[in-house]
Amino acid sequence: MNQEFWDQRFRESHYAYGTEPNDFLRAKAASLSPGDALCLAEGGGRNAVHLAKQGHRVTAQDLSPVGLEMAQQLAETQGVTLHCRCGDLRDFSPEPESVDLIVAIWMHLEPELRALVHRRAVAALKPGGHLILEAYNPAQLNRGTGGPPNPELLITASQLEAELQGLTWLELQETERWIEEGPLHQGQSAVVQAFGQKRGA
């Protein structure tokens, strides 16, 4: 799923995942004080805009310039500001201990890249900073309610625990829940949810 794929996805299906934030993100971010937030693989910007409305200073990263243009448009309609960074996650290495919150919602990457991005994410968090992540787990395969068709792109709680060392887990679970996020995420879904805090505060 390269830049061309995502550009086409966003062109063909306007706000393919809706304009409202992910439910898990909304619930967990509600308890956090505003700070510097980084949203990885953010696409159309719905989660970044929500955080900006809560007072966070938000950087939205994505591979697709089309998706980030939509994110900027959504931010403008909501009266908030985003800093957008377009590029491949392979080449994106945020400064160590530079952000208070990292968000990864439906960031499905090949295993080697995913592990690299997760290590960099933990390093980028300030001590006491938080990570909020939701992804599809392998039980989602072939359900047709969202997520990639490649099983290598799905992830378990145990894999997250191994790849995100340095966090204290406030919540880490595999569960099933009903999702309604735009036209492409609709129905009962098998997910993994992670909410962690970096040790050392």
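Predicted model, so just to flag it, every value in this text is computed and none were measured.
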Following the transitive rule for hydrophobic clusters with a side-chain heavy-atom cut-off under 4.5 Å over Ile, Leu, Val, Met, Phe, Trp and Tyr, establish whether [X] and [Y] coincide in one cluster.
X    : Y    : answer
L68  : L89  : no
L141 : L109 : no
L131 : L170 : no
L63  : V117 : no
L167 : I132 : no

Contact check, side chains of [X] and [Y], non-hydrogen atoms, under 4.5 Å:
X    : Y    : answer
I102 : L125 : yes
P151 : P138 : no
L154 : P148 : yes
L40  : V103 : no
M107 : E42  : no

Criterion salt bridge (charged side-chain N to carboxylate O under 4.0 Å, His left out) on E112 and R90, from CA distance to verdict: CA-CA 10 Å; E112 184 178 353; R90 289 178 177 82; over 6 Å; no

Candidate pair L101 and L38, rule side-chain contact (heavy atoms from CB on, under 4.5 Å), full reasoning: CA-CA 6 Å; L101 172 63; L38 171 61; over 6 Å; no

Separation of L82 CG from E76 CD (nearest 0.5 Å): 9.5 Å

From CG (D23) to CD (E181), nearest 0.5 Å: 6.5 Å

What pairs with [X] under side chain to side chain donor-acceptor pair (under 3.5 Å), at least two apart in sequence or on another chain?
X    : result
E171 : K28, Q173
H118 : E163
S158 : T156
Q78  : K53

F24: partners by ring pair (Phe, Tyr, Trp, His ring centres under 6.0 Å), with sequence neighbours left out: none

How close do [X] and [Y] get, counting heavy atoms only, and between which atoms?
X    : Y    : result
I155 : R114 : CD1-NE, 3.2 Å
A139 : N137 : N-OD1, 2.8 Å
V58  : C39  : CG1-SG, 4.0 Å
T81  : A52  : O-CB, 4.0 Å
G55  : P34  : O-CB, 3.4 Å
N47  : P21  : OD1-CA, 3.4 Å

Side chain of [X], backbone of [Y]: donor and acceptor closer than 3.5 Å?
X    : Y    : result
D88  : D91  : no
Q197 : G128 : yes
Q61  : C84  : no
S189 : V191 : no

Contact list for residues 136-170, test ring-ring contact (aromatic ring centres under 6.0 Å, His included), sequence neighbours left out: W106-Y136, H108-Y136, Y136-H185

Pairs meeting criterion ring-ring contact (aromatic ring centres under 6.0 Å, His included) with involvement of residues 47-96, two or more places apart: none

Verdict with reasoning, T145 to Q140, per side chain to side chain donor-acceptor pair (under 3.5 Å): CA-CA 8 Å; T145 56; Q140 177 68 9; 2.7 Å; yes

Pairs in or reaching into [range]: which pass salt bridge (Lys or Arg N to Asp or Glu O under 4.0 Å), with residues at least two apart or in two chains?
range            : result
residues 147-158 : none
residues 185-194 : none
residues 117-143 : D36-K126, D100-K126, E134-R177, R143-E176

Q165: side chain to side chain contact (heavy atoms under 4.5 Å, CB included) partners, not counting sequence neighbours: none

Set of residues satisfying side chain to side chain contact (heavy atoms under 4.5 Å, CB included) with respect to A157, sequence neighbours excluded: L172, E174, V192

side-chain contact (heavy atoms from CB on, under 4.5 Å) between H130 and L32, intermediate numbers included: CA-CA 9 Å; H130 292 84; L32 303 180; 3.6 Å; yes

